[in-house]
Every structure is written in structure tokens, then in C-alpha cells.
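Below: the structure, in C-alpha cells.
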Amino acid sequence: MPALKYSRQRESIKRFLMSRYDHPTADTIYLHVREEFPNISLGTVYRNLSLLTELGEIIKITTDGPDRFDGNVKPHSHFLCRKCHSLLDVHLDNESFIDQQAQKNFPGTIDGHSILYYGICSDCSK
């Protein structure tokens, strides 16, 4: 693969995601990046999100609504509130045991996982 040309727009998208913990949608990212780059198109944002995901620089989380994006690529799980639809990080002490358990029961090679928990968040439970 040839070297990727530097893109200020792509860097702005990545910087925005690294500063957020609410896992924004492409539309939210677009509205933010448009403040810095007024002529950017939604299509350009989608293409850059796809590229950053493919490069492993961000994570795309597919839910029952629009895809959400995460700048934190370290292994961790997510929780989706069924009431307010907030998407939150779930940090376990050691998630590698999940891969190890799955590997015992799978003939191929497992090198990661994606877990999305569902329920009601603490704010909505009040």
C-alpha cells in the first residue's frame, strides 16, 4: 500500500474523536469538523471515517441506530442504554480471557473481539 497522503481534514476528525468519550455519529463529527473546514462534505467525512477504521486508528461501533465512532482503540467493551441510547465504555480488569476462552472452542485463530452490552444506564435508572 502506498504511503498515505497527509490530510488536515482527516487529522481534524481523528483529533475530535480522541477528545470525546461519547462515541459520536458521523453527522456529529461532520458538524464539528465543518467549523474548521466549512467546505468539507459529509461524504468526505464518511470516507475518512472508513479509512481511519480500516487503518485501525479508530473503532466503528455498529448499533441499532447510526454507526458510532471511538478514538480509543485499546481493547474495551461498550454499553448501549436502551432508553437514552448513550454509548458508554465498559472497562474490565482483563478482557483477554474472553479471547482465550473463545480460542479453546474455535479451530481458527482469534485475535480480538467486540462486545456491546445492553441495558439501562445509571442516569436513566434514577
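Along the sequence shown, the residues carry numbers beginning at 1. Bear in mind the structure is a predicted one, so any value in this text is a computation, not a measurement.
- Between D89 and H91, the shortest heavy-atom distance links the atoms CB-NE2, 3.5 Å.
- Take D111 and apply the salt bridge (Lys or Arg N to Asp or Glu O under 4.0 Å) test, not counting sequence neighbours, and it matches no residue.
- In this view, R20 and D22 satisfy the salt bridge (Lys or Arg N to Asp or Glu O under 4.0 Å) rule, not counting sequence neighbours.
- Scanning all heavy atoms of the two residues, the minimum distance from I120 to C124 falls at CG2-CB, 3.5 Å.
- Here the closest non-hydrogen pair linking G119 and F79 is C-CZ, 3.4 Å.
- Screening residues 113-126 for salt bridge (Lys or Arg N to Asp or Glu O under 4.0 Å) gives D123-K126 as the qualifying pairs, with residues at least two apart or on separate chains.
- Hydrophobic clustering of Ile, Leu, Val, Met, Phe, Trp and Tyr side chains at less than 4.5 Å, counting indirect connections, unites L42 with F16.
- What you find for A26 and V45 is that their closest heavy atoms are O-CG1, 4.0 Å.
- In the hydrophobic clustering, L80 connects to I59, I61, V73, L87, L116, Y118, either directly or through intervening members, whenever side-chain heavy atoms lie under 4.5 Å apart.
- Remark: H78 engages H23, H76 in a ring-ring contact (aromatic ring centres under 6.0 Å, His included) (not counting sequence neighbours).
- S41 is linked by a side chain to side chain contact (heavy atoms under 4.5 Å, CB included) to T44, R47, counting only residues two or more places apart in sequence or in another chain.
- Linking Ile, Leu, Val, Met, Phe, Trp and Tyr whenever their side-chain heavy atoms come within less than 4.5 Å puts I40 and F69 in one cluster.
- Interatomic distance, CG of D70 versus CD1 of I58, reported as 9.0 Å (0.5 Å rounding).
- V90 and Y21 end up in different hydrophobic clusters when Ile, Leu, Val, Met, Phe, Trp and Tyr side chains are linked at under 4.5 Å.
- A donor-acceptor pair under 3.5 Å is absent between the side-chain atoms of S50 and the main chain of Y46, judged by distance alone.
- For E57, the salt bridge (Lys or Arg N to Asp or Glu O under 4.0 Å) partners are K14, not counting sequence neighbours.
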Please set out all donor-acceptor pairs under 3.5 angstrom arising from side-chain atoms of residues 93-109, sequence neighbours excluded.
residue, atom, partner, partner atom, Å
N94, OD1, S96, N, 2.9
N94, OD1, S96, OG, 2.5
E95, OE1, S77, OG, 3.2
E95, OE1, H113, NE2, 2.9
E95, OE2, S77, N, 3.2
E95, OE2, S77, OG, 3.1
D99, OD1, H113, ND1, 2.6
Q101, OE1, K104, NZ, 3.0
Q103, OE1, I110, N, 2.7
Q103, NE2, F106, O, 3.2
Q103, NE2, G108, O, 2.5
N105, ND2, Q101, O, 3.1

Donor-acceptor pairs are to be reported for all side-chain atoms of residues 27-38 against protein atoms at under 3.5 Å, with residues two or more places apart or in another chain.
residue, atom, partner, partner atom, Å
T28, OG1, T25, OG1, 3.2
Y30, OH, R34, NH1, 3.4
E36, OE1, S12, OG, 2.8

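- Taking all atoms of both residues into account, the shortest heavy-atom contact from C121 to C81 is N-SG, 3.4 Å.
- Remark: K83 NZ to S125 OG distance equals 8.0 Å, nearest 0.5 Å.
- Taking R10 as the reference, N48 meet the side-chain hydrogen bond (donor to acceptor under 3.5 Å, both in side chains) condition, with sequence neighbours excluded.
- Considering only residues two or more places apart in sequence or on other chains, K60 meets the salt bridge (Lys or Arg N to Asp or Glu O under 4.0 Å) condition with D67.
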